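See below for the structure under consideration.
Quick caveat: nothing in here was measured; it's all calculated off a predicted structure. These values consider heavy atoms only, across backbone and side chains, with no hydrogens, waters or symmetry-generated copies.
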Amino acid sequence: MPAKYKNHSAALKQLPTNDQISRPLWISFRDDPALSVYPLHGHAWGEFIYAFNGVMEVNIDQVDYITPPPYGIWLPPNLEHSGLNRTAVSHATLYIHESLCEQMPKQAGILLTSPLVSALLQHLKLQSYTEDSAEHLRLLQVLLDQLQHAQLMGSYLPHSEHPLLKEILDYLHHNPADNSTLESLAQQHNMTERTLARCCQKELGMSLNEWRQRLKVMKAMSMLNQGKKVESIAFDLGYANASAFINMFKRWMLCTPDQFRKNSHPYK
């Protein structure tokens with residue numbers, strides 16, 4: 001189990017990894033429970049991980065990458081990584097052997113996929129093709145072709161093992177509507193505002209305000225894909241009205257929540 005999760009091992013369910021892969025292109029669909037973890041592992045297959053519902057976190061060298069649609073995580077072959085599901089997650093993983101990865105990115109990151117990728121993954125999940133059928137193999141090849149042209153991004157939500165900062169981040173994960181000031185959060189944890197601000201820059205590489213906005217965007221994307229109304233999401237995330245939430249979401253995602261929902265499910 002990854003070191004960053006050892007302190008919480010009693011509360012986390014360890015999931016099996018797919019290490020017995022016999023095909024150059026292979027796809028797996030899973031429904032993982034909340035508070036579950038994939039142990040550190042790696043193999044000769046690159047992985048494209050896409051979450052249909054929920055947000056999955058993949059950790060590589062203490063950097064966390066997230067999988068809210070329409071984003072997916074790309075992991076090059078032979079890269080050791082682990083995974084954490086804070087909430088229940090339904091996801092697909094396309095395994096691509098290293099011999100087929102010449103045109104894929106050489107580094108890990110977030111891939112902004114086309115609507116066709118989302119539609120293909122939904123289709124493959126719902127259909128019961130045999131793994132050897134010509135149609136199944138053709139669709140996997142189309143997926144690979146699409147991923148070779150996807151835009152690689154570096155967006156992620158960092159975490160910290162600093163004892164006091166970790167308490168604050170975990171609290172905000174579970175209470176995204178809490179809009180306490182930096183000063184108030186610092187006082188609650190016996191820190192000065194200045195100390196907390198410096199700690200965030202050192203541990204997260206950003207201010208706590210930026211981190212909180214990224215967290216709210218993550219939570220919003222998951223709730224949008226669950227079909228929740230924009231007004232309800234705004235309230236759940238601590239906004240006084242939908243307009244303030246929409247403005248924040250658009251600033252980060254370059255589209256409105258409704259446009260994001262439509263792009264995530266283009267054929268619904």
(request) Would you sort out whether Ser118 and Gln122 count as a side chain to side chain donor-acceptor pair (under 3.5 Å), showing the intermediate values? (result) CA-CA 6 Å; Ser118 300; Gln122 290 279 4; over 6 Å; no

(request) Answer yes or no: are there more than 12 heavy-atom neighbours, outside Lys229 itself, under 6.0 Å from its atom NZ? (result)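 Count not over threshold, so no.
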
(message) Just checking Phe235: does its CZ atom have more than 12 heavy atoms from other residues, nucleotides or ligands closer to it than 6.0 angstrom?
(response)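 For Phe235, atom CZ is not crowded (no more than 12 foreign heavy atoms under 6.0 Å).
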
(message) salt bridge (charged side-chain N to carboxylate O under 4.0 Å, His left out) for Arg23 and Asp132? Distances and angles first, verdict last.
(response) CA-CA 10 Å; Arg23 303 170 187 274; Asp132 291 322; 2.7 Å; yes

Decide yes or no for [X] and [Y]: does some side-chain heavy atom of the first lie under 4.5 Å from some side-chain heavy atom of the second?
{"X": "Arg198", "Y": "Thr195", "answer": "yes"}
{"X": "Ser90", "Y": "Arg30", "answer": "no"}
{"X": "Ile27", "Y": "Leu143", "answer": "yes"}
{"X": "Met206", "Y": "Arg214", "answer": "yes"}
{"X": "Asp145", "Y": "Gln148", "answer": "yes"}
{"X": "Gln187", "Y": "Glu193", "answer": "no"}
{"X": "Leu208", "Y": "Leu169", "answer": "yes"}

Find the distance between [atom1] ([X]) and [atom2] ([Y]) and round it off to the nearest 0.5 Å.
{"X": "Leu100", "Y": "Leu147", "atom1": "CG", "atom2": "CG", "answer": "12.0 Å"}
{"X": "Met104", "Y": "Glu47", "atom1": "CE", "atom2": "CD", "answer": "11.5 Å"}
{"X": "Ile96", "Y": "Leu25", "atom1": "CD1", "atom2": "CG", "answer": "6.0 Å"}
{"X": "Ile246", "Y": "Asp258", "atom1": "CD1", "atom2": "CG", "answer": "7.0 Å"}
{"X": "Leu237", "Y": "Met218", "atom1": "CG", "atom2": "CE", "answer": "11.5 Å"}
{"X": "Leu196", "Y": "Arg194", "atom1": "CG", "atom2": "CZ", "answer": "13.5 Å"}

Same cluster or not: [X] versus [Y], using hydrophobic residues (I, L, V, M, F, W, Y) connected whenever any side-chain heavy atoms lie under 4.5 Å apart?
{"X": "Leu139", "Y": "Ile21", "result": "no"}
{"X": "Leu182", "Y": "Tyr171", "result": "yes"}
{"X": "Trp26", "Y": "Val117", "result": "no"}
{"X": "Trp252", "Y": "Val230", "result": "yes"}
{"X": "Tyr129", "Y": "Leu144", "result": "yes"}

What are the two closest heavy atoms between [X] and [Y], and how far apart are they?
{"X": "His173", "Y": "Lys219", "answer": "O-NZ, 2.9 Å"}
{"X": "Ala108", "Y": "Leu79", "answer": "CB-CD2, 3.8 Å"}
{"X": "Pro105", "Y": "Pro76", "answer": "O-CG, 4.1 Å"}
{"X": "Lys166", "Y": "Asp170", "answer": "NZ-OD2, 2.6 Å"}
{"X": "Leu15", "Y": "Pro39", "answer": "O-CD, 3.3 Å"}
{"X": "Cys200", "Y": "Ser207", "answer": "CB-C, 4.4 Å"}

(message) Apply side chain to side chain contact (heavy atoms under 4.5 Å, CB included) to residues Glu135 and Gln127 and explain how you reach the verdict.
(response) CA-CA 11 Å; Glu135 185 171 5; Gln127 299 299 319; over 6 Å; no

Does [X] use its side chain to pair, donor to acceptor, with the backbone of [Y] at less than 3.5 Å?
{"X": "Ser36", "Y": "Pro33", "result": "yes"}
{"X": "Asn179", "Y": "Gly238", "result": "yes"}
{"X": "Lys216", "Y": "Pro176", "result": "yes"}
{"X": "Gln259", "Y": "Thr256", "result": "yes"}
{"X": "Ser133", "Y": "Thr130", "result": "yes"}
{"X": "Lys13", "Y": "Ala34", "result": "no"}
{"X": "Arg212", "Y": "Asp178", "result": "yes"}

(message) Between Leu121 and Leu94, is the side chain to side chain contact (heavy atoms under 4.5 Å, CB included) condition met? List the steps.
(response) CA-CA 9 Å; Leu121 290 171; Leu94 178 67; 5.7 Å; no

Parallel, tilted or perpendicular: rings of [Y] and [X] (30°, 60°):
{"X": "Tyr50", "Y": "Phe48", "result": "tilted"}
{"X": "Tyr239", "Y": "Phe245", "result": "tilted"}
{"X": "His91", "Y": "Tyr38", "result": "perpendicular"}
{"X": "His97", "Y": "Trp45", "result": "perpendicular"}

(message) Checking His136 now: which residues fulfil ring pair (Phe, Tyr, Trp, His ring centres under 6.0 Å) with it, not counting sequence neighbours?
(response)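 His136 satisfies ring pair (Phe, Tyr, Trp, His ring centres under 6.0 Å) with no other residue.
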
(message) In this structure, is the centre-to-centre distance between the rings of His81 and Trp74 below 6.0 Å?
(response)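 They do not qualify: ring centres at least 6.0 Å apart.
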
(message) Using the rule given for side chain to side chain contact (heavy atoms under 4.5 Å, CB included), can you reason through Leu224 versus Phe249, listing the C-alpha separation, both sets of side-chain angles and the distance that settles it, and then say yes or no?
(response) CA-CA 12 Å; Leu224 285 165; Phe249 190 91; 3.8 Å; yes

(message) As a quick check of understanding, evaluate side chain to side chain contact (heavy atoms under 4.5 Å, CB included) for Leu111 and Leu152, giving each step before the final call.
(response) CA-CA 5 Å; Leu111 286 181; Leu152 184 71; 3.8 Å; yes

